[in-house]
Structure formats: structure tokens, C-alpha cells
Amino acid sequence: NRQALNLEEIKVMKSSVDFGVHTCFHTILTKCDLKEKNFEIAGSIARLEELFGIHVTSFAYPNGDYNDETIEILKINNIKILDTEITCFE
């Protein structure tokens, strides 16, 4: 029971699907220090943009857990759509 897309499937779908990030290693961000949060968020954005040549603007919190520090890091990284419940920054 496969639960993830492979690289080729993502390449085919990227023109019609908005792919977002979810950290590099599914780290629970509320349990991380600032340096690790930055690595998990910025690293996952950079990797997805590099692999697929897309601009990432959405993020899903691992386990739905977040705090004010996490939100600020996401804003700095130009994330506009957050998913736990859909939240948009104007």
C-alpha cells in the first residue's frame, strides 16, 4: 500500500497540482529549537523548489502542531497557506 508519489509522478503533476512542504523529516516543530525549525522548514522548501522548479507557498504542519515561532519562520520563508485548518496570510 504505497502512500507517496514518486519523483516522476510529481514531475507529471506539478503543472496542475499545488505541491507544498511538510518538513524534511516529519519533525514535530514545537519540540525543535530555532535552528532545527529553520532547517526543517527552509530545507524542505529549497529541496522541493530545486527538484521540481516550482515556487512553494504552502505548508502542512507535522501532526498539526505549531506555535508562534513556527508561524514567523514560515512567513519569513514566504509561505502563504498553512494546513492544519486552511489558514491564509494576506
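Note that the coordinates shown come from a computational prediction; the quantities given were computed from them, not determined experimentally.
Going from atom OH of Y66 over to atom CG of L82 covers 8.5 Å, rounded to the nearest 0.5 Å. Here the straight-line distance linking atom CD1 of I54 with atom CD1 of I45 works out to 11.0 Å at 0.5 Å rounding.
Shown here are the side chain to side chain contact (heavy atoms under 4.5 Å, CB included) partners of E36, two or more places apart in sequence or in another chain: T27, C32, D33, E40. For the side chain to side chain donor-acceptor pair (under 3.5 Å) test, no residue two or more places apart in sequence or in another chain qualifies with E72. For L5, the side chain to side chain contact (heavy atoms under 4.5 Å, CB included) partners are E9, I10, M13, F19, not counting sequence neighbours. By the ring pair (Phe, Tyr, Trp, His ring centres under 6.0 Å) test, H55 pairs with no residue at all, sequence neighbours left out. Applying the side chain to side chain donor-acceptor pair (under 3.5 Å) criterion to T70, with sequence neighbours excluded, gives N67.
Minimum heavy-atom separation, C24 to G43: SG-C, 3.7 Å.
The salt bridge (charged side-chain N to carboxylate O under 4.0 Å, His left out) pairs that include a residue from residues 46-69 are K37-E69, R47-E50, where partners are two or more places apart or lie in different chains.
Contact annotation: the side chain of K35 never approaches that of N38 to less than 4.5 Å [non-hydrogen atoms, C-beta and beyond]. Side-chain contact check for L74 versus I41: some heavy-atom pair is nearer than 4.5 Å.
A side-chain donor-acceptor contact under 3.5 Å links N6 to the backbone of E8. K11 places no side-chain N or O within donor-acceptor distance of the main-chain N or O of F52, the cut-off being under 3.5 Å.
Linking Ile, Leu, Val, Met, Phe, Trp and Tyr residues whenever their side-chain heavy atoms come within less than 4.5 Å leaves F59 and F25 in two separate clusters. One hydrophobic cluster holds both V21 and I71 under the rule that ILVMFWY side chains link at heavy-atom gaps under 4.5 Å. I76 and L29 fall into different hydrophobic clusters, where Ile, Leu, Val, Met, Phe, Trp and Tyr are joined by side-chain heavy atoms under 4.5 Å apart, directly or via other members. Following chains of ILVMFWY side-chain contacts shorter than 4.5 Å, one can reach L48 starting from L7, so the two form part of one hydrophobic cluster.
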List the steps, then state whether side-chain contact (heavy atoms from CB on, under 4.5 Å) holds for N78 with V56. CA-CA 8 Å; N78 298 311; V56 175; over 6 Å; no
